[in-house]
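Down below is the structure, laid out as C-alpha cells.
Worth knowing before you read on, the calculation uses all heavy atoms, side chains too, and leaves out hydrogens, waters and symmetry mates.
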Amino acid sequence: MIPAPVVEHRQLGRWRIHAIQAGGQKLDGGAMFGVVPKPLWERRIPADERNRIQLGMRCLLIEHDLGLVLIDTGAGNKESAKFYEIYGVENAGSPTALEDGIRAAGFAPDDVKFVINSHLHFDHAGGNTTRDGDRVNPSFRNARYMMQRGEYEYATHTNERTAASYYPHNFVPLVEAGLVDFIDGDREILPGISSVLTPGHTPNHQGLLIESDGERAFYLADLVPTAAHLPLAWIMGYDVEPLVTLETKRRILKRAVDEAWVAIFEHDADTAWGTVIHDGKTYALGSKGQSS
Ligand SMILES: [Zn+2]
C-alpha cells in the first residue's frame with residue numbers, strides 16, 4: 001500500500017513545497033538498521049512476517065521562482081514484476097504514484113523544469129525515465145536533470161557489492177540525450193537550493209539545502225532515511241562507508257539543530273518532515289511543524 005497521505009504541503013519562506021509519497025517500499029529491517037539489534041529497531045518500525053519494514057519513497061516538489069523543482073523520482077515502472085515484489089515496491093499510478101502526486105499538488109509532469117537526484121540508486125532515480133516499447137524516454141520532458149558527477153561515475157563503474165542498486169537506464173539515456181547538468185561537489189545549483197555532499201551511503205551522495213526568506217529545509221535522502229535513523233549509530237547496512245556516514249551525520253545533524261532546519265525524510269512511511277532536537281543523549285524528532 002502506498003503510505004498516505006500522498007501529498008503534504010507547507011510554506012518555506014516564499015516558496016510552497018510539496019512532499020509527494022511516490023510509493024511504498026518494503027526492505028529487510030536488519031539491513032535498514034545495520035548493527036542496531038532488532039529488539040530496539042522493531043519498537044520504532046515493526047517488521048512483517050518476512051522481516052521487512054514499511055518505507056516510503058518521498059520526493060520533494062518546490063514552487064521555485066525559476067519553475068518547478070523536483071528532488072528525487074522514486075522507483076519508476078521499468079523493472080519486472082519480480083523485481084517490484086522483492087523490494088515490496090508499490091507505486092502504480094498514471095503511470096506512477098509520483099505523476100499522480102504532482103497532479104494532486106496542482107501541476108503536470110511537463111511543468112517540472114529541474115530534476116535533482118540525491119544519488120542514482122533505483123529507488124531515487126528510477127522515475128527519471130519511462131519505458132515506451134524498446135525506448136527509454138525522460139519522464140519530465142521539459143526538465144534539466146542535475147546530479148553529482150562523482151555519483152554518475154560511481155554508478156557507471158559498479159562492482160559486486162554496488163551493482164544491484166544501479167540501473168543504467170535510469171540515468172545513462174539522459175546523459176546521452178544531453179539533458180544532464182553535472183554538479184561538482186558543494187555549490188548553489190539554483191538560487192536558494194544548494195547541494196551539500198553527504199558521503200557514506202555512497203561516496204558522492206548529496207543532500208539538498210533549500211533556503212527561502214531565512215527559512216531552511218534539508219532533504220536528507222539516504223543520510224537519515226527515516227526519523228528512526230536520527231540517532232548517530234542508527235546507520236543502514238546498505239551504506240558503502242558506514243563510518244563516513246557517522247561523521248557526516250555528526251556534522252549535518254548539528255547544523256540541523258543549530259540552524260532550525262526543516263528536516264525532510266525520504267523513506268519514512270509516516271513523517272514527511274520536522275525539526276531535529278538533541279535531548280542531551282541523542283538526536284530525535286522535534287516538532288513535526290505545520291503541514292496543510
Ligand atoms: Zn540509496
How many angstroms lie between [atom1] in [X] and [atom2] in [Y], if you round to the nearest 0.5 Å?
{"X": "R216", "Y": "L12", "atom1": "CZ", "atom2": "CG", "result": "10.5 Å"}
{"X": "Q148", "Y": "Q206", "atom1": "CD", "atom2": "CD", "result": "4.5 Å"}
{"X": "L98", "Y": "C59", "atom1": "CG", "atom2": "SG", "result": "5.0 Å"}

Is any side-chain heavy atom of [Y] closer than 4.5 Å to one of [X]?
{"X": "D65", "Y": "P191", "answer": "no"}
{"X": "I17", "Y": "W273", "answer": "yes"}
{"X": "Y145", "Y": "I116", "answer": "no"}
{"X": "N204", "Y": "P199", "answer": "no"}

Is a donor from one side chain sitting under 3.5 angstrom from an acceptor on the other, for [X] and [Y]?
{"X": "T130", "Y": "S139", "result": "yes"}
{"X": "H119", "Y": "T202", "result": "no"}
{"X": "K78", "Y": "T129", "result": "yes"}
{"X": "N77", "Y": "N91", "result": "no"}
{"X": "R161", "Y": "N159", "result": "no"}
{"X": "H267", "Y": "D222", "result": "yes"}
{"X": "E79", "Y": "H169", "result": "yes"}
{"X": "D213", "Y": "W15", "result": "no"}

V262, V224, L230 screened by side chain to side chain contact (heavy atoms under 4.5 Å, CB included) with V276, the one that passes: L230
Students often mix this up, so state it plainly: with edges at 30° and 60°, are the rings of [X] and [Y] parallel, tilted or perpendicular?
{"X": "H18", "Y": "H9", "result": "perpendicular"}
{"X": "H278", "Y": "Y283", "result": "perpendicular"}
{"X": "H201", "Y": "H124", "result": "tilted"}

Set of salt bridge (charged side-chain N to carboxylate O under 4.0 Å, His left out) partners for D28, sequence neighbours left out: none
Intermediate values then yes/no, side-chain hydrogen bond (donor to acceptor under 3.5 Å, both in side chains), Q25 and Y84: CA-CA 9 Å; Q25 184 184 23; Y84 292 116; over 6 Å; no
[X] (side chain) donor-acceptor with [Y] (main chain) under 3.5 angstrom:
{"X": "D123", "Y": "G74", "result": "no"}
{"X": "S118", "Y": "Y219", "result": "no"}
{"X": "D268", "Y": "F265", "result": "no"}
{"X": "T96", "Y": "A92", "result": "no"}

How about [X] and [Y]: are their ring centroids closer than 6.0 Å?
{"X": "Y166", "Y": "Y152", "value": "no"}
{"X": "Y87", "Y": "F122", "value": "yes"}
{"X": "H229", "Y": "F33", "value": "yes"}

R251, CZ atom: more than 12 neighbouring heavy atoms under 6.0 Å: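 Yes, enclosed.
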K254, NZ: over 12 other non-hydrogen atoms inside 6.0 angstrom: no
Residues E215, S212; criterion side-chain hydrogen bond (donor to acceptor under 3.5 Å, both in side chains); working and verdict: CA-CA 5 Å; E215 292 191 66; S212 179; over 6 Å; no
NZ/NE/NH1/NH2 to OD/OE distance under 4.0 Å, E85 and R50: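 R50 and E85: salt-bridged.
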Residues R103 and D100 bridged, charged N to O under 4.0 Å: yes
E99 to P109 - nearest heavy-atom pair and separation: CG-CG, 3.6 Å
Closest contact, heavy atoms only, A105 versus L61: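 Heavy atoms of A105 and L61 come nearest at CB-CD2, 4.2 Å.
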Within one Ile-Leu-Val-Met-Phe-Trp-Tyr cluster: F140 and F182, side-chain cutoff 4.5 Å: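 Same cluster.
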